[in-house]
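Every chain is numbered from 1, with letters handed out A, B, ... down the list of sequences.
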Amino acid sequence: MVRTRFAPSPTGYMHLGNARTGIFSYLFARHHNGSFILRIEDTDRERSTKEFEDSILEDLKWLGIEWDEFYRQSERFDIYKEYAKKLVESGHAYYCFCKEEDIEKQREEAYAQGKAYRYPGTCRHLSKEEVEDRLRNDGSYVIRFKVPDGRVVSFDDLIRGNISINVDDFGDFVIVRSDGSPVYNFVVVIDDALMKITHVIRGEDHISNTPKQILIYEALGFKPPEFAHLPVILGEDRTKLSKRHGGVSVRFYKENGYCPEALFNYLCLLGWSSEKVGKEIISKEEAVKYFDIKDINLSPAVFSHDKLYWLNGVYIREILSEDRLLEDLLPFIEKAYKKVDIDYLRKIIKATRKEYNTYLEAVEKLRPFFEHKEPDEAAKEELSKIDKSVFELLIKEISALEQITPENLKAVVKNIQKSTGLKPKDIWHALRIAITGSLEGIAIDVIVSILPKEETLRRLSKFV
RNA sequence: GUCCCCAUCGUCUAGCCUGGCCUAGGACACCGGCCUUUCACGCCGGCGACGCGGGUUCGAAUCCCGCUGGGGAUGCCA
């Protein structure tokens, strides 16, 4: 039975990189008919908040990633404490009374000399009596894991193959902080072991943590899971995608009018080849069906805003149902133009869904359906070249129409062309400017055939 | 600095394992054309890559070594 987990820490909105890790973990579990576990890693009490936790849960649901089990590390501190004690008792870990400032100083010195810092093991060989004594009097201590000398830890990464790291590269590391809270590298092992996680799928930035964790697995007598380290996502400048790059949270894309299916799809494409699916537009179900961890790329991928934008357009234009579009678009439209009639909006969506790539963009493009706008500069200039009598004729012709359709609108233009000798293009332009105030936008026959007739006439009348 | 990972169009990728089918395929972006009452959509076409140097081999994008370049880690963050 395959069991994977996604372990975000609630210290901010869910990052795209994390989201992709979650997606791949999820796909792997589902592909193997296994379980997907969500675990909130909130051992850092300083930075973790309930608000961020809620937002992560919300965003995960929004993306369509459902989990089978849920855990919160802050509720499991007793368990960690117990295992920390075990490690101390078995001689795999020890109390350390070194001052944080001193360590910091040593670290800086080492770095200045261009050397890798290792904790020198000052407190490693304290006698039992001394430890007892300082525990009573000193108060502040951390627990460090005793890293064996000269070990080379190897593991077979599912994506990268064999990875070997000499543990001499790092010193005895902290597993319990001075405030008594356990550290990531320690709890992650206990949780993954206790929760019977079979496959740990996570970011490449955890590769160097893996040997530390394997050491703890061994010390505790647990069998390590399989590991798979995903390449990181890079920004346009080829550094790790971070806040500096602008919109990097799932929330950002949700708020900016992207649909979850498109974001899910795009994230799948980043680092995973969809070649076996045979296309790039992939549903969650297809992704589950075809997902293979072996098809993950090894090199970091640059996040392309352009491609996500395009993909979102594909979803709006040809994948999503009208009902879904309506449901998604409604809050955006109502936020911008107050209450709207559902049937009116439905009609608009049906006729215009090819015109925008995001919901936010739709709000702008659909403006003529909800608001009258004065002509902009370019429109004014065009307007000055147009014989104003055309507006009167348009009013007269359109008034006479029982129902406005693109077809009979064409007839209207033809009639005016005949009676005035104006070029059809100019007549259309005049109509467009009067209705939208702009030279660009959605096809004017589409707009006028949906816009209430009285509103069309009202706008035209302003130009006579 | 040290350790680890990586290296095909600007970007995401196919091909690499099992060398010849690669004149290196697709997608986004970009450019041009068509469609057209504008912008878009759509359709057609174009530009564009095996980082460098050595091997191995009849033959290398594919295998080996070195270099260079990029990324990550180096926390009482995760």
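Using a 4.0 Å heavy-atom distance criterion, Lys354(A) is classed as a sugar-phosphate-only contact. Counting any heavy atom pair closer than 4.0 Å across all strands shown, Arg107(A) reaches sugar-phosphate atoms only and no base atom. Gly203(A) comes within contact range of no nucleotide atom at all, as no heavy-atom separation falls under 4.0 Å. Here Ile444(A) lies in heavy-atom contact (under 4.0 Å) with a base. Backbone-only engagement by Thr43(A) is indicated by non-hydrogen atom pairs under 4.0 Å involving sugar-phosphate atoms exclusively. Among the protein residues, Asp445(A) comes within range of the nucleic acid bases, having at least one heavy atom under 4.0 Å from a base atom. Nucleic acid contact class of Glu280(A) (heavy atoms, under 4.0 Å, all strands): base. Thr239(A) comes within 4.0 angstrom of sugar-phosphate atoms only, judged by non-hydrogen atoms across all strands, and of no base. Residue Val232(A) is in sugar-phosphate contact alone, with no base atom involved, counting any heavy-atom pair closer than 4.0 Å across all strands shown. Within the 4.0 angstrom heavy-atom criterion, base atoms lie near Leu439(A).
Taking the ring centre of Phe170(A) as origin, the terminal cationic atom of Lys212(A) falls inside the region bounded by 6.0 Å and 45° from the ring axis.
Taking 4.0 angstrom as the limit, Arg238(A) places a side-chain polar atom (N or O) nearer than this to OP1 or OP2 of rU11(B). Between Ser181(A) and rC76(B) there is no side-chain N or O to OP1 or OP2 distance below 4.0 Å. Residue Lys240(A) places at least one side-chain N or O under 4.0 Å from the OP1 or OP2 atom of rA73(B). For rC4(B), neither phosphate oxygen OP1 nor OP2 lies less than 4.0 angstrom from any side-chain nitrogen or oxygen of Ser208(A). For rA14(B), the OP1/OP2 oxygens have a side-chain nitrogen or oxygen of Asn297(A) closer than 4.0 Å.
In this structure, Glu204(A) and Val232(A) have side chains that are in contact, with non-hydrogen atoms separated by less than 4.5 Å.
Checked against a 6.0 Å centroid threshold, the rings of Phe291(A) and Trp272(A) count as neighbours. Ring-centre distance between Tyr184(A) and His206(A): below the 6.0 Å cut-off.
Protein atom CG of Leu269(A) is 11 Å distant from nucleotide atom P of rC28(B), rounded to whole Å. Going from atom CZ of Phe303(A) over to atom P of rA27(B) covers 21 Å, rounded to whole Å.
In terms of polar N and O atoms assigned as donor or acceptor, the side chain of Arg432(A) never comes within less than 3.5 Å of the base of rU37(B) in a complementary pairing. Side-chain atoms of Lys279(A) and base atoms of rA27(B) include no donor and acceptor less than 3.5 Å apart.
Across rG25(B) and rC16(B), the matching C1' atoms stand 15 Å from one another, rounded to whole Å. Remark: the separation of the C1' atoms in rG69(B) and rC28(B) is 25 Å, to the nearest Å.
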Under the salt bridge (charged side-chain N to carboxylate O under 4.0 Å, His left out) criterion, do Glu286(A) and Lys289(A) qualify, and how do the steps go?
CA-CA 5 Å; Glu286(A) 288 168 321; Lys289(A) 183 174 172 198; over 6 Å; no
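By the 30° and 60° cut-offs, the orientation of the rings of His305(A) relative to Tyr258(A) is perpendicular.
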